[in-house]
Amino acid sequence: MVLAPAGLAALLAASPNPLLAPWTGPYGGAPAFDQVKVEHFKPALEAGMAAERAAVDRITAEAAPPTFANTIAAMERADRLLKQVRNVYEVWSSTMSGPEFQSVERDMAPRLAAFQDEITQNEALFRRVAAVYDARERAGLTSEQKRLAWLYYTTFARTGAKLDPPGKKRLSEINQRLAALYTDFAQNVLADETDYVLFLDGERDLAGLPDSVRSAAAAAAESRGKKGQWAILNTRSSMEPFLTYSERRDLREKVWRTYYSRGDNGDAKDNKKAIAEILALRAERARLLGFPTYAHWSLDDSMAKTPERAMALMEAVWTPAVARVKEEVAEMQAIADREGAAVRIAPWDYRYYAEKVRKDRYDLDEAEVKPYLQLEKLREGMFWVAGEVFGLRFSPVQGVPVCHPDVVVYEVKDDAGRHVGLWYFDPWARPGKRSGAWMSAYRDQERFDGEIPTVVSNNANFVKGAAGEPVLVSWDDAETMFHEFGHALHGLSSRVSYPSLSGTSVARDYVEFPSQILERWLLTPEVLSRFALHYRTGQPMPRELAQKIERASTFRQGFDTVEYLASALVDMKLHLAGARPIDPDAFERESLAALGMPSEIVMRHRTPQFTHVFSSDDYAAGYYAYLWSDVLAADAWEAFTEAGGPWDKAVAGRLRENVFSVGNTIDPADGYRAFRGRDARIDALMRKRGFPVAAPKAD
């Protein structure tokens with residue numbers, strides 16, 4: 001807990017608010033989730049802000065000249081209480097967001113934004129930060145301390161510390177309004193995901209759906225008071241399998257339209273006006289900070305550095321991806337015609353007929369694969385990879401408080417038996433939980449004031465099956481599990497001194513690299529033979545089936561790449577548009593037409609539901625980051641294949657040492673070069689996706 005003046009310290013010590021108490025118990029302490037109530041959040045956030053404000057006042061009142069210890073290290077301690085509260089607050093925001101909490105969130109979002117501006121716009125504090133930064137090369141600092149001084153200086157400068165008083169005032173007004181808009185945007189999408197459910201009534205509605213999908217839909221309906229029916233939820237994990245298997249084209253269209261209309265229904269939850277205002281405010285903020293567009297501001301501290309470099313990569317991949325889509329559509333149309341379907345392939349048909357093509361071309365059926373993909377066995381497989389590649393061992397623990405009964409907790413140790421951290425797993429969809437899958441850090445690893453272990457979580461939205469039945473997932477969902485676990489391993493592998501540099505606190509277009517490379521271990525024979533076990537017989541996946549999956553690894557890459565890239569390109573173009581007013585619907589439509597977007601596909605995230613981009617600044621003008629990181633991941637995987645395979649100890653050691661364990665203590669480009677011995681090359685990405693690799697240019 002942050003040391004505060006006597007009055008504040010006494011107040012905190014006497015407070016019954018569990019959010020303000022130090023985390024106690026074994027494993028370095030854990031959040032007291034079981035004691036938290038919604039009414040605790042507002043006073044705890046206020047106390048956290050007061051504690052940080054008091055700490056900053058002590059730093060700026062320091063009579064001694066600025067040093068790393070009395071300024072930068074002191075700032076690392078200053079926000080500990082507020083960060084502790086906010087991390088639990090974010091758990092409720094993403095997984096326990098009911099009406100009562102949403103009211104608190106709407107109230108506190110602009111206040112938290114204003115407080116952040118208060119800190120970064122503090123002139124006396126910035127003078128001290130700048131003095132340490134300017135003297136960093138002659139102050140005897142370690143390389144990590146120099147990096148942290150750079151991070152503080154850069155963050156303050158990028159967020160308005162150098163502006164004049166009127167500029168600071170306007171910037172804070174913008175940030176407060178954006179915080180309110182971001183909250184509204186996310187809550188509107190969550191409402192549409194929660195409120196729109198398609199209930200199915202009988203066998204005719206279920207035609208084509210495999211048992212695993214039927215079971216999950218029945219359980220979803222029962223949990224909503226509709227026992228005897230089947231529910232298709234308005235989330236990706238429910239929508240995807242229905243569109244893949246349902247023989248009812250009319251219902252596929254209905255599910256598709258409902259899903260891709262989230263935030264775009266012309267009602268009180270419609271997000272289009274909010275998007276237009278967000279874009280205008282971001283453009284104004286960028287100009288205040290000296291950048292021509294928001295995209296230029298956003299990428300200034302990234303690996304790509306400029307929007308032009310990010311656009312060049314996306315455009316290089318877009319052309320072969322669109323060409324592949326044309327081939328995929330032709331194959332699907334041929335099957336539809338052969339079956340006498342009398343349809344022209346539409347977006348709600350793509351997954352359904354793609355599955356038929358997979359069966360026709362590769363003799364591979366997703367329904368044949370799914371019985372081998374048990375959720376619990378895949379979790380065991382992830383743990384096994386963590387042990388073999390990263391030397392981390394997971395074991396379940398009891399008695400650690402959780403925010404919901406769905407959540408399970410594991411202790412993580414290294415090969416020497418030392419405690420590394422805790423891993424929380426929250427796999428199931430429920431009302432109040434946002435859709436998708438993600439990793440969170442409840443506490444960052446650090447060691448400058450003593451060893452503090454990390455606490456991380458993985459979150460998903462699988463639909464529970466019938467009681468006692470294993471939950472089966474698709475191959476795509478299995479890859480997503482490994483992907484998000486890669487983020488968790490990035491946090492668990494951290495071995496740095498300062499929390500601001502810890503774990504996944506790296507450039508946005510680098511943070512997806514560890515998660516994307518971890519996906520690659522799923523397809524290895526060693527993982528499939530041990531953990532892809534048939535849910536009824538317990539037999540491992542036949543080698544012939546695994547080989548079919550491997551041969552089909554570039555299948556549907558046109559669809560997957562184009563739906564993603566369309567979102568990334570529109571995101572970047574929106575944020576390169578500058579100050580001109582934006583009509584989101586028209587801009588989306590016109591931009592896609594200019595790109596030559598195939599009519600059979602839509603953006604993976606249409607603008608009214610694009611929470612990556614419009615519920616925070618995190619991925620705004622940054623959705624390209626997945627592609628940038630995948631260049632690194634594909635190239636890095638080839639380092640394993642060049643060395644003899646995915647279990648090569650030397651390559652794994654370099655990966656841990658230069659990527660997973662170093663956080664943001666070094667420039668990511670330097671970290672990658674230390675691992676690979678050179679910069680990443682796009683050729684590996686093109687091979688991974690099955691696209692043509694350009695011939696090398698002559699000297």
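The model shown is predicted, which means the values in this text are computed figures rather than measured ones.
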Identify whether the distance between the nearest side-chain nitrogen and carboxylate oxygen of [X] and [Y] falls below 4.0 Å.
{"X": "Arg556", "Y": "Asp476", "value": "yes"}
{"X": "Arg214", "Y": "Glu203", "value": "yes"}
{"X": "Asp195", "Y": "Arg262", "value": "no"}
{"X": "Arg689", "Y": "Asp560", "value": "no"}
{"X": "Asp349", "Y": "Arg252", "value": "yes"}
{"X": "Arg324", "Y": "Glu328", "value": "no"}

Parallel, tilted or perpendicular, judged at 30° and 60°: which one describes the rings of [X] and [Y]?
{"X": "His483", "Y": "His487", "answer": "perpendicular"}
{"X": "Phe462", "Y": "Trp428", "answer": "perpendicular"}
{"X": "Trp521", "Y": "Trp637", "answer": "perpendicular"}
{"X": "Phe555", "Y": "Tyr362", "answer": "perpendicular"}
{"X": "Tyr626", "Y": "His612", "answer": "perpendicular"}
{"X": "Tyr624", "Y": "Trp628", "answer": "perpendicular"}

Open item on the list: Quick check on side chain to side chain contact (heavy atoms under 4.5 Å, CB included): which of Leu190, Asn271, Val189, Asn188 does Thr611 satisfy it with?
Closed with: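 So, applying the side chain to side chain contact (heavy atoms under 4.5 Å, CB included) to Thr611 and each of Leu190, Asn271, Val189, Asn188, only Val189 qualifies.
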Task: Donor-acceptor contact present, side-chain Asn265 to main-chain Asp267, <3.5 Å - done: no
Task: Centroid separation Tyr89 to Trp92 less than 6.0 Å - done: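 Between Tyr89 and Trp92, the centre distance exceeds or equals 6.0 Å.
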[X] atom [atom1], over 12 foreign heavy atoms within 6.0 Å:
{"X": "Arg344", "atom1": "CZ", "value": "no"}
{"X": "Lys433", "atom1": "NZ", "value": "yes"}
{"X": "Lys359", "atom1": "NZ", "value": "yes"}

Open item on the list: Can you see whether Tyr619 has Arg508 sitting over its ring - NZ or CZ less than 6.0 Å from the centre and within 45° of the normal?
Closed with: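 The answer is yes; both the distance and angle limits are met.
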- [ ] Scan residues 331-342 for pairs that pass side chain to side chain donor-acceptor pair (under 3.5 Å), counting only residues two or more places apart or in two chains.
- [x]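 As it turns out, the side chain to side chain donor-acceptor pair (under 3.5 Å) pairs with a partner in residues 331-342, which skip direct neighbours, are Glu331-Arg361, Gln333-Asp337, Glu339-Lys356.
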Task: Partner residues of Tyr564 under the ring pair (Phe, Tyr, Trp, His ring centres under 6.0 Å) criterion, sequence neighbours left out - done: Tyr623
